[in-house]
Amino acid sequence: MTQPAVPCHIFGSHIETGAIEQMNSACALPVAVAGALMPDAHQGYGLPIGGVLAARNAVIPYGVGMDIACRMSLSVLDLPLSMLARKDKKLVRALETETSFGVGAVFTGRKSHPVMDDDWGFCQLIRELKDDAWSQLGTSGSGNHFVEFGRLTVNEARAGIAPGKYVALLSHSGSRGPGARIATWYSQLAAELHPELPRQLRHLAWLDLDSEPGAEYWQCMTLMGRYAAANHQLIHDSIAAHLGTERIWRVENHHNFAWQERHGGEAVVVHRKGATPAEAGMLGVIPGSMTAPGFVVEGLGAPESL
């Protein structure tokens, strides 16, 4: 098994060997500073899903993931719990009407959001993707991506919400087809720029942030972050309006992204792939698989978790 060259804290036990090996390989990269592996981690491409890696002045496209800015969004709605108990058909109609599921899902009538007024012309790839992005704005995709209603149990008072049980809307999706195209393009470019990497590490190839490709990828990634957030906002706002109600409390976060942060006194790029940011006091959402419970969590700010 590859031995990590920098500290790597593994949380939990019974994590599959493939995920640990992938994390160790990432921590052996020359740009690696520190790593962490979450207790629900499993093998993926490049970084394992549930892997966190701090790198020095470099971004790893596969460390962010194929679905750039995949994120969670939870809204508490001002609706009676009895609607869940009786499986009210209004809830089903709201889901079927206000978003679209499946590979390549689009809306024939484009939705509108200020994100489409952002700069979509800073590179050729982004210019080519704008029309697809607009047609997929507000859609949910496929795989383990979902939009569903459920009961949220709040055990302790939080700002804006008291303990109790509530009707909540939970969504899980990212930057759709455009994000996947960006991830594919820049991961291949990173691999070409690092022919010295052995075959098993090709998915861990990086882009220097002070290089033109690295700066360009970073700009693409942050645009996809805003685009993914817009998708969730449209889904939640549209469903709430369809039901004639309001979003009275919300929690949301990316879990496929990279952030420029300081850890151990050093400026680093922290990749969180399928991993929820957990600064002290920060709320986030960790999903289960479709129909399985998800969890609203509060970060402890543990340094070893990055």
Side-chain angles (χ1 to χ4, degrees), residues 1-71 143-145 172 174-175 179-180 182-209 214 217 221 253-259 261 263-264 268-278 286-289 302-306:
M1 180 174 286
T2 306
Q3 294 302 310
V6 299
C8 180
H9 191 96
I10 298 177
F11 290 83
S13 57
H14 304 102
I15 296 175
E16 61 187 20
T17 302
I20 295 174
E21 174 67 15
Q22 283 187 319
M23 198 69 233
N24 287 347
S25 294
C27 288
L29 292 173
V31 295
V33 176
L37 197 58
M38 300 299 104
D40 57 351
H42 51 284
Q43 190 169 349
Y45 291 101
L47 274 189
I49 298 158
V52 183
L53 183 71
R56 187 174 291 109
N57 195 42
V59 62
I60 302 168
Y62 262 118
V64 171
M66 284 298 293
D67 189 11
I68 299 172
C70 187
R71 67 190 270 119
N144 191 37
H145 292 161
H172 176 201
S175 50
I182 291 166
T184 299
W185 175 269
Y186 285 98
S187 61
Q188 290 175 350
L189 177 58
E192 291 169 5
L193 292 172
H194 291 282
E196 78 280 5
L197 290 175
R199 183 178 180 83
Q200 67 270 25
L201 296 184
R202 280 179 58 85
H203 289 319
L204 290 170
W206 65 90
L207 299 168
D208 293 329
L209 276 189
Y217 172 81
M221 182 194 73
N253 60 268
H254 291 325
H255 56 213
N256 269 23
F257 212 65
W259 289 260
E261 300 176 352
H263 292 274
V268 292
V269 175
V270 180
H271 305 73
R272 296 184 176 97
K273 185 178 181 184
T276 302
I286 298 176
S289 297
E304 64 271 21
S305 75
L306 296 169

State whether the side chain of [X] and the backbone N or O of [Y] hold a donor-acceptor pair below 3.5 Å, judged by distance alone.
X    : Y    : result
N256 : A69  : no
D67  : S175 : yes
H263 : A54  : no
H9   : S305 : no
K273 : Y45  : yes
R272 : W259 : no
H194 : W206 : yes
Q43  : E16  : no

Nearest non-hydrogen partners of [X] and [Y], listed with the distance:
X    : Y    : result
M23  : L47  : CE-CD2, 3.9 Å
V33  : P7   : O-CD, 3.8 Å
I15  : I20  : O-CD1, 3.7 Å
V269 : A258 : CG1-CB, 3.9 Å
R71  : N253 : CB-O, 3.0 Å
G46  : L204 : C-CD2, 3.6 Å

When rounded to the nearest 0.5 angstrom, what distance separates [atom1] in [X] from [atom2] in [Y]?
X    : Y    : atom1 : atom2 : result
S187 : E192 : OG    : CD    : 9.5 Å
D208 : Y217 : CG    : OH    : 14.5 Å
M66  : H203 : CE    : NE2   : 9.5 Å
L53  : Q22  : CG    : CD    : 12.0 Å

Are the side chains of [X] and [Y] in touch, meaning some heavy atoms are under 4.5 Å apart?
X    : Y    : value
V59  : L209 : yes
M221 : I182 : no
D40  : I286 : yes

Verdict with supporting geometry, V268 and L306, side-chain contact (heavy atoms from CB on, under 4.5 Å):
CA-CA 10 Å; V268 292; L306 296 169; over 6 Å; no
